[in-house]
Amino acid sequence: MHITSYAGGLLETNGYLIESEQGAVAIDAPTGMWAWCQEKKVKPTGLLLTHQHFDHVDDAAKMQAAGIPIHAASPFQRELLIEEMVLEWGLPLSVQPFEVDHVFSTKESPLKLSGIEFELRAVPGHSPDSFVFHVALFQKVFAGDTLFAGGGMGRCDLPLGDGKLLLRSIREQLLTLPDETDVFPGHGPPTTIGREIVNNPYLR
Ligand SMILES: [Zn+2]
């Protein structure tokens with residue numbers, strides 16, 4: 001399993017490509033993600049969304065148009081994008097609508113794509129539709145906007161956010177993973193569960 005990362009858009013949002021011998025899977029679709037995949041000459045067999053905030057789904061419609069199925073915890077709904085925030089900043093934004101081909105739930109865990117098993121863990125709090133994807137075999141977790149390197153945590157002051165719920169999700173769904181687990185967040189560099197247990201002030 002080979003992981004590469006891309007960061008793009010207003011908020012430098014991370015998108016990941018996970019390649020195996022049987023194909024590739026994309027995690028999140030920030031602005032420019034599809035062009036980056038094309039440059040690498042990789043067409044993922046699926047796009048997994050950690051949640052549907054605007055900065056994580058900007059390229060989803062383009063990837064869908066290219067024939068890549070979208071997997072997410074909720075059907076497409078404009079409210080999940082929270083675009084109002086950016087429009088208030090006075091920045092132009094218009095996310096192309098897309099359709100979620102497969103609305104998943106924890107009951108389908110693990111979800112197998114390109115031969116890789118993704119354990120689906122619900123982590124509401126930053127947004128109601130947040131999920132993390134744990135690849136137990138390789139001790140990697142794609143964490144979206146839950147835990148960030150260097151002691152950060154996803155915002156919970158956004159519409160539909162809930163701070164207490166986010167902390168509970170992190171404690172129950174992330175901190176219970178082995179310390180060595182690599183964490184690939186939605187923004188910024190990777191970290192590990194063990195490092196965040198020691199360093200993250202929110203988790204004391
Ligand atoms: Zn977010």
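All values below were derived from every heavy atom in this structure, side-chain atoms included, with hydrogens, water molecules and symmetry-related copies excluded. We count ligands from 1, going down the list as the structure has it; atoms in each ligand are counted the same way.
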Return a table of donor-acceptor pairs under 3.5 angstrom between the side chains of residues 164-173 and protein atoms on other chains or two or more places apart.
residue, atom, partner, partner atom, Å
Ser169, OG, Pro124, O, 2.7
Ser169, OG, Leu165, O, 3.1
Arg171, NH2, Leu203, O, 3.4

* Asked: How many protein N, O or S atoms sit closer than 2.8 Å to the Zn ion (ligand 1)?
  ->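 The number of such protein atoms is 4.
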* Verify the distance criterion only: is there a donor paired with an acceptor across the side chains of Thr192 and Asp182 at less than 3.5 Å? =>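 No pair is found: no donor N or O on one side chain lies under 3.5 Å from an acceptor on the other.
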* Is there a donor in the side chain of Thr191 and an acceptor in the side chain of Glu196, or the other way round, less than 3.5 Å apart? ->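 On atom types as modelled, these side chains qualify, holding a pair under 3.5 Å.
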* **Intermediate values then yes/no, ring pair (Phe, Tyr, Trp, His ring centres under 6.0 Å), Phe131 and Phe104** => CA-CA 10 Å; Phe131 262 70; Phe104 58 63; 5.0 Å; yes
* With sequence neighbours excluded, residues passing ring pair (Phe, Tyr, Trp, His ring centres under 6.0 Å) with His71 ->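 In terms of ring pair (Phe, Tyr, Trp, His ring centres under 6.0 Å), with neighbours along the sequence ignored, His71 is linked to His102.
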* Sequence-distant partners of Ser105, side chain to side chain contact (heavy atoms under 4.5 Å, CB included), two or more places apart ->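 Applying side chain to side chain contact (heavy atoms under 4.5 Å, CB included) to Ser105 gives Lys107, Glu108.
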